[in-house]
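The structure appears right after this line, and notes come after that.
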Protein chains: 2
Amino acid sequence: MKQLARTPKDIGHAIREARKERRLSQTELASRSGLWQETISKIENGVASTKMETLFDVLAALDLEIQVQPRSKGVPSSMDALF
Amino acid sequence: MKQLARTPKDIGHAIREARKERRLSQTELASRSGLWQETISKIENGVASTKMETLFDVLAALDLEIQVQPRSKGVPSSMDALF
DNA sequence: TTTAACTATGATCTTTAAATCATAAAGAGT
DNA sequence: ACTCTTTATGATTTAAAGATCATAGTTAAA
């Protein structure tokens, strides 16, 4: 189940989905990733623009990883910025 | 050219590669993403654990996106944390 | 529907990323 | 070698994330 992400909110959604699949509460995920329930909540809701360090802590706890790739077709954004 | 990333340093590498492919200097990338050359340098070198907001600014300027996915085989990390 | 678990939100404090300026160190080209 | 461009680093200031505590909503389950 791969999830595209172009904004912090996208990442938040992906994390929430993955957490639910694993049937973890925010508190459980928090303790597994060395964070706080409040922080997980904010990340999932895109309230705060998390630090990468924090993000990777959460991803690791969910056994997820990230892939950096060229933007796929649809929703072209800053095509003009290339060349 | 897809790049796996599990740490801020991984992302830094991916960004540097993409920037070079596009033959941009750090200063050019910085101005396109509304940041500073110094910041790009630190991100590429994994010196600072960038905020997601900043990261996405850079990715957008390079027309890159991120995909969240289950950790691929090899380098198993916290397999035990699942279930 | 009452209770218990889960999630969201608000305040304060600490820590740290990013802006900004200055400059050093590297690299490329002539 | 010297010059120009690019990249790295260091200091200071500002803004914002995360920790922490308290608590208000919300949801699920008995």
Side-chain angles (χ1 to χ4, degrees), chain A residues 1 3 5-66 68 77-78 81-83, chain B residues 1 3 5-66 68 77-78 81-83:
Chain A
M1 179 250 7
Q3 278 283 21
R6 295 180 182 186
T7 67
K9 207 160 278 219
D10 291 340
I11 297 243
H13 289 150
I15 286 173
R16 172 160 288 167
E17 292 315 305
R19 175 176 65 78
K20 295 223 162 149
E21 276 179 24
R22 288 154 182 74
R23 291 172 219 277
L24 297 173
S25 68
Q26 289 183 347
T27 304
E28 285 171 315
L29 176 55
S31 88
R32 289 189 188 202
S33 49
L35 300 170
W36 292 79
Q37 179 268 316
E38 292 87 335
T39 303
I40 302 291
S41 170
K42 283 167 193 164
I43 291 172
E44 289 187 354
N45 290 297
V47 169
S49 181
T50 321
K51 278 184 289 170
M52 265 206 280
E53 204 178 20
T54 307
L55 172 65
F56 281 114
D57 287 344
V58 175
L59 293 178
L62 291 169
D63 219 68
L64 295 172
E65 68 190 0
I66 263 180
V68 181
S77 53
S78 50
L82 288 172
F83 311 118
Chain B
M1 181 249 3
Q3 277 284 18
R6 295 180 181 184
T7 66
K9 209 161 277 223
D10 290 341
I11 296 242
H13 290 148
I15 286 174
R16 171 161 289 167
E17 291 315 304
R19 176 176 64 79
K20 294 224 163 149
E21 275 178 23
R22 290 155 181 73
R23 289 172 221 277
L24 297 172
S25 68
Q26 290 184 345
T27 304
E28 285 171 315
L29 176 56
S31 88
R32 289 187 188 203
S33 49
L35 300 170
W36 293 80
Q37 178 266 316
E38 293 87 333
T39 304
I40 302 291
S41 170
K42 283 168 192 162
I43 291 172
E44 290 187 354
N45 290 298
V47 169
S49 181
T50 321
K51 279 185 287 173
M52 264 206 280
E53 204 178 20
T54 308
L55 172 64
F56 282 114
D57 287 344
V58 175
L59 293 178
L62 291 168
D63 219 68
L64 295 172
E65 68 190 0
I66 263 179
V68 181
S77 51
S78 48
L82 288 173
F83 311 117

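In what follows, every chain begins at residue 1, and chains take the letters A, B, ... in the order their sequences are listed.
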Nearest whole angstrom, please: distance from the [atom2] of [N] to the [atom1] of [X].
X: A/Lys51; N: D/dA15; atom1: NZ; atom2: P; value: 18 Å
X: A/Ile40; N: D/dA17; atom1: CD1; atom2: P; value: 15 Å
X: A/Met52; N: D/dA17; atom1: CE; atom2: P; value: 15 Å
X: A/Leu29; N: C/dT7; atom1: CG; atom2: P; value: 10 Å
X: B/Leu55; N: C/dA17; atom1: CG; atom2: P; value: 14 Å
X: B/Asn45; N: D/dG10; atom1: CG; atom2: P; value: 12 Å
X: A/Ile15; N: C/dA8; atom1: CD1; atom2: C1'; value: 17 Å
X: B/Glu28; N: D/dT7; atom1: CD; atom2: C1'; value: 13 Å

Using a heavy-atom cut-off of 4.0 Å across all strands, would you classify [X] as base, sugar-phosphate, or nothing?
X: B/Leu35; result: sugar-phosphate
X: A/Ser41; result: base
X: B/Glu38; result: base

Counting side-chain heavy atoms from C-beta on, which of [options] comes nearest to [X]?
X: A/Gln26; options: C/dA8, D/dA19, D/dA17; result: C/dA8
X: A/Trp36; options: C/dA8, C/dA17, D/dT20; result: D/dT20
X: A/Lys42; options: C/dA18, C/dT7, C/dT9; result: C/dT9

Would you say [N] has OP1 or OP2 under 4.0 Å from some side-chain N or O of [X]?
X: A/Thr39; N: D/dA19; answer: yes
X: B/Arg16; N: D/dT6; answer: no
X: B/Thr50; N: C/dA17; answer: no
X: A/Arg19; N: C/dT7; answer: yes

With no angle test and no hydrogens, is the base of C/dC6 tied to the side chain of A/Gln37 by a donor-acceptor pair under 3.5 Å? no

Would you kindly check whether a donor in the side chain of B/Glu53 faces an acceptor in the base of D/dA16, or vice versa, at under 3.5 angstrom? no

So, B/Arg19 side chain and B/Leu24 main chain: donor-acceptor pair closer than 3.5 Å or not? yes

Can A/Glu44 and A/Gln26 be counted as having a side-chain donor-acceptor contact under 3.5 angstrom? yes

For the pair A/Glu28 and A/Arg22, find out whether any cationic side-chain nitrogen is under 4.0 Å from an anionic carboxylate oxygen. no

Would A/Leu59 and A/Ile11 count as a side-chain contact (heavy atoms from CB on, under 4.5 Å) here? Give the steps. CA-CA 10 Å; A/Leu59 293 178; A/Ile11 297 243; 5.5 Å; no

Let me see the working for B/Ile40 and B/Ser33 under side-chain contact (heavy atoms from CB on, under 4.5 Å), right down to the final yes or no. CA-CA 10 Å; B/Ile40 302 291; B/Ser33 49; 4.1 Å; yes

